[in-house]
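Here the structure comes first, spelled out in structure tokens, and everything after it is commentary.
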Amino acid sequence: MSENALKVLQRLKKADYEAYLVGGCVRDLLLGREPKDFDVATNASPEQVKQVFRNCRIIGRRFRLAHVFFGRDIIEVATFRGSESEESDRQVTHEDGRLLRDNVFGTLEEDVWRRDFTVNALYYNIRDFSVVDFTGGMQDHANAVLRLLGDPSVRYREDPVRMLRAVRFAVKLGFTLHPDTEKPIYTLADLLKSIPSARLYDEVLKLFLSGYGVQTFEILRHYGLFAILFPATDKCLETQDHDFPRLFLIRALENSDQRFADNKSLTPYFLLAALLWEPLQLAANKRIQQGENETIAFQNAANEVLTQQIKITALPRHITQSMRDVWFMQNKFSRTVGSRPYRLLEQAKFRAGYDFLQLRAETGGADMALVDWWTKFQVADDELRRKMTAPPKGGASKPRSKSRRHRTRAKPSSSQP
């Protein structure tokens, strides 16, 4: 239990306010897991919370929250949400059903029904150390079932991101979706197109960089949600008549999942570069066939692919630049003569580019001999490096990449551009 969360609960209690731990932290504590965040729900307004805590800041527009700071640790304090019988300037709804602003405060009993899933509507009471449950969340928790509160179609229309959250929680917790929660997703997936791209980018990071990338990918595709987030990639997966793209993506996701399990750092740009690699290859090859210079074709293809993806998930500029670095490095790996290998080795993203090449080779998209050459070159002394980069004698050839030849292993589908 977070000591800082307990401080917040105790001080609000001392100030004669109701205060409960709520949501994912209670759910995870009941599972015996260490919660990532601790959230507090209270009957105190954000302004009243700020009066109790000097180390507090009020944030948010759609729903105002109080953040209580303890160094880098932040405890989020939300006022109980209520319902508004008539539309007012405190609750604004878009014509498609999305809530744009929701600053309607209420009681604990009302707040419960504004939560998303029953297992996230459990409240830990500091006064008597009990768990308050109005929705059957404890039973769903015991049965490992994720069930949306209220009418699922209405709740998804209020906030389509709930469909992504349903997938993420189900995978993370090992729960199954309740049939009523699952059924509308198939027909409402397109609602995600109305969500701001910046918010979808944040959701993509949560989905794929939390240690369950492979399972998440499979379930998102099952419900048609992956096609909304990465339409170009999904099209490649649908039209390919061989397994290269899918194998490559699965291997990239497995790599990220393993790094998460090993508590190693995760770089979003690497996985995103893998997710969009096949669309880049398709676009570049199409331009090359039309007569464009190979280097220019790859640059223009990268611009094309990233421009389309940014409209859906707002990839930050530093992410897209790193993706380009990894992509453009792939052709350079085949140049193993002269000074070029030395210059490539000095690039800031060399290690990521090398790992990407290795991933491609493991799934049949590049020559493993080229990976072996670079593995050896990195640790070689000066004399061995000079020998390795010397011009070939007697017509001997250096290892060449198969990065643009992997398609010859299988004829592309007739629907492929």
Side-chain angles (χ1 to χ4, degrees), residues 1-85 90-91 99 101-142 146-150 159 165 169 172-173:
M1 185 80 72
S2 164
E3 291 184 7
N4 292 328
L6 289 175
K7 289 179 183 177
V8 171
L9 293 172
Q10 294 288 2
R11 288 180 65 178
L12 286 172
K13 173 186 172 183
K14 188 176 180 181
D16 291 327
Y17 294 114
E18 295 180 60
Y20 303 82
L21 282 183
V22 65
C25 60
V26 179
R27 178 200 68 215
D28 290 347
L29 286 169
L30 289 170
L31 286 171
R33 300 184 179 188
E34 182 178 352
K36 182 180 179 181
D37 301 302
F38 286 85
D39 298 332
V40 172
T42 179
N43 63 343
S45 69
E47 290 75 17
Q48 289 171 327
V49 174
K50 192 170 184 178
Q51 290 177 355
V52 176
F53 300 94
R54 290 184 298 175
N55 52 326
C56 175
R57 181 187 305 164
I58 298 176
I59 67 162
R61 179 182 177 186
R62 179 183 167 194
F63 186 78
R64 286 158 56 238
L65 301 165
H67 277 184
V68 182
F69 292 82
F70 297 90
R72 293 186 177 181
D73 189 18
I74 300 174
I75 305 300
E76 186 171 279
V77 182
T79 305
F80 294 146
R81 288 176 290 181
S83 58
E84 189 84 349
S85 57
R90 291 185 297 167
Q91 186 177 73
L99 282 176
R101 186 162 65 248
D102 186 15
N103 287 312
V104 181
F105 301 138
T107 64
L108 170 61
E109 290 78 6
E110 291 175 314
D111 185 76
V112 168
W113 298 101
R114 301 299 303 278
R115 301 283 161 179
D116 48 10
F117 304 100
T118 59
V119 295
N120 288 343
L122 300 173
Y123 297 72
Y124 175 72
N125 190 349
I126 190 67
R127 294 181 183 273
D128 59 6
F129 311 109
S130 64
V131 175
V132 180
D133 176 18
F134 290 90
T135 68
M138 288 294 284
Q139 188 61 52
D140 285 343
H141 195 287
L146 196 67
R147 179 163 55 95
L148 201 61
L149 283 166
D159 185 2
R165 286 168 60 83
F169 287 143
K172 174 185 174 182
L173 302 174

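- If you take OG1 on Thr118 and CG on Leu148, they are separated by 9.0 Å, rounding to the nearest 0.5 Å.
- Pairing each heavy atom of Val112 with each of Ala121, the nearest pair is O-CB, 4.1 Å.
- Arg115 is linked by a salt bridge (Lys or Arg N to Asp or Glu O under 4.0 Å) to Asp111, counting only residues two or more places apart in sequence or in another chain.
- Taking CG of Leu21 as the start and CG of Leu29 as the end, the distance is 7.5 Å to the nearest 0.5 Å.
- Across every non-hydrogen atom of Ile126 and Ala19, the tightest pair is CG2-O, 4.1 Å.
- Counting all heavy atoms, side chain and backbone alike, Asp73 lies closest to Ser2 at OD2-OG, 4.0 Å.
- The shortest side-chain heavy-atom distance between Phe134 and Leu108 falls under the 4.5 Å cut-off.
- Between the side chain of Arg114 and the main chain of Gly82, a donor-acceptor pair closer than 3.5 Å is present.
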Using atom types as modelled, flag every donor-acceptor pair under 3.5 Å from a side chain in residues 35-43 to any protein atom, sequence neighbours excluded.
| unit_1 | atom_1 | unit_2 | atom_2 | d |
| --- | --- | --- | --- | --- |
| Thr42 | OG1 | Glu18 | O | 2.6 |
| Thr42 | OG1 | Ala44 | N | 3.1 |
| Asn43 | OD1 | Glu18 | N | 2.8 |

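- Considering CD1 of Ile58 and OG of Ser45, their distance stands at 7.5 Å, rounded to 0.5 Å.
- Judged by distance alone, the side chain of Asp133 and the main-chain N or O of Met138 form a donor-acceptor pair under 3.5 Å.
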Please lay out, stage by stage, how Tyr123 and Val26 fare under the test side-chain contact (heavy atoms from CB on, under 4.5 Å). CA-CA 7 Å; Tyr123 297 72; Val26 179; over 6 Å; no
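- The line from CG of Asn4 to CD1 of Ile74 is 11.0 Å long, rounded to the nearest 0.5 Å.
- Note: Phe80 and Tyr20 have tilted aromatic rings, judged against thresholds of 30 and 60 degrees for the angle between ring planes.
- At least one donor-acceptor pair closer than 3.5 Å links the side chain of Glu110 to the backbone N or O of Thr107.
- If you take CD on Glu34 and CE on Met1, they are separated by 12.0 Å, rounding to the nearest 0.5 Å.
- With values rounded to the nearest 0.5 angstrom, Cys56 atom SG is found 12.0 Å from Ile75 atom CD1.
- Between Val52 and Tyr17 the shortest side-chain heavy-atom distance falls below 4.5 Å.
- Within a 6.0 Å radius of CZ in Arg57, other residues, nucleotides and ligands contribute 12 heavy atoms or fewer.
- Residues Asn120 and Arg165 meet the side-chain proximity criterion, which asks for heavy atoms closer than 4.5 Å.
- The cationic atom of Arg27 (NZ for Lys, CZ for Arg) lies less than 6.0 Å from the six-membered ring centre of Phe169 and within 45° of the ring axis.
- Checking Asp128 against Ser130 by side-chain atom types alone, a donor-acceptor pair falls below 3.5 Å.
- By the 4.5 Å heavy-atom criterion applied to side chains, Phe70 and Asn55 are counted as neighbours.
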